[in-house]
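All remarks here apply to the structure that follows.
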Amino acid sequence: VIYDIYATVKISVSYSDHGKICAALDDLGFITEDTDFSSAVEITGKVRAENVDSLQAAITELTSARAVLTELSRGFDCA
């Protein structure tokens, strides 16, 4: 088991943009822990802390800055 520093993040995105970001999430090593389909889609999960900026940039580009990424916490974890 290898431990690393992970960031837990929440991504709020519209239904129409949800499909656009799914592949990017996988490519950047995002581990989805929960998805809430309400008025918007809220995806909660974790990603290596070193990849948060890359994840933010990819989501911003894919959604024309309509999605919001919020970092909730950081800590050691394993994947």
Side-chain angles (χ1 to χ4, degrees):
V1 175
I2 298 174
Y3 285 89
D4 206 345
I5 299 174
Y6 281 83
T8 300
V9 298
K10 179 174 71 172
I11 304 165
S12 300
V13 64
S14 69
Y15 279 84
S16 60
D17 288 330
H18 177 253
K20 294 178 187 177
I21 68 167
C22 285
L25 295 178
D26 290 339
D27 291 345
L28 290 166
F30 184 83
I31 301 165
T32 301
E33 295 178 334
D34 187 39
T35 305
D36 180 28
F37 294 93
S38 55
S39 59
V41 181
E42 291 191 349
I43 306 163
T44 305
K46 62 185 178 182
V47 66
R48 283 196 166 110
E50 64 203 35
N51 291 339
V52 172
D53 291 337
S54 299
L55 179 65
Q56 176 71 58
I59 290 171
T60 298
E61 183 177 332
L62 288 168
T63 66
S64 300
R66 290 184 298 270
V68 176
L69 184 143
T70 306
E71 186 173 329
L72 303 174
S73 65
R74 283 188 184 216
F76 283 99
D77 205 341
C78 63

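Numbers here simply count residues along the sequence, with the first being 1.
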Report summary line: Across all chains, not counting sequence neighbours, the side-chain contact (heavy atoms from CB on, under 4.5 Å) partners of A40 are none
Requested in this report: Answer yes or no: are there more than 12 heavy-atom neighbours, outside Y3 itself, under 6.0 Å from its atom OH?
Outcome: no
Query - Of all pairs that satisfy side-chain hydrogen bond (donor to acceptor under 3.5 Å, both in side chains), the ones with a partner from residues 13-34, not counting sequence neighbours - result: S14-S16, S14-D17, D17-K20, D17-R66
Query raised in the report: When rounded to the nearest 0.5 angstrom, what distance separates CG in D36 from OG1 in T44?
Result: 8.0 Å
Report task. Locate the shortest heavy-atom distance separating L28 from A58; write the atom from each residue and the value. Result -> CD1-CB, 3.9 Å
Query raised in the report: With the 4.5 Å side-chain cut-off for hydrophobic clustering, are F30 and V68 part of the same group?
Result: no
Query raised in the report: Are Y6 and L55 connected in a single hydrophobic cluster, I mean Ile/Leu/Val/Met/Phe/Trp/Tyr linked by side-chain heavy atoms less than 4.5 Å apart?
Result: no
Query raised in the report: If we only count heavy atoms from C-beta on, is the I43 to K10 side-chain gap below 4.5 Å?
Result: no
Query raised in the report: Between atom NZ of K46 and atom CG of L72, what is the distance when rounded to the nearest 0.5 Å?
Result: 13.5 Å
Query raised in the report: How long is the span from the CD1 atom in I21 to the CD1 atom in I59, to the nearest 0.5 Å?
Result: 5.0 Å
**Report entry** Contact list for residues 49-63, test side-chain hydrogen bond (donor to acceptor under 3.5 Å, both in side chains), sequence neighbours left out
**Finding:** Q56-T60
Query raised in the report: Which atoms form the tightest heavy-atom contact between V9 and E71, and what is the distance?
Result: CG1-CA, 3.9 Å
Query raised in the report: If you measure from CD1 on I5 to CZ on R74, what distance do you get to the nearest 0.5 Å?
Result: 7.5 Å
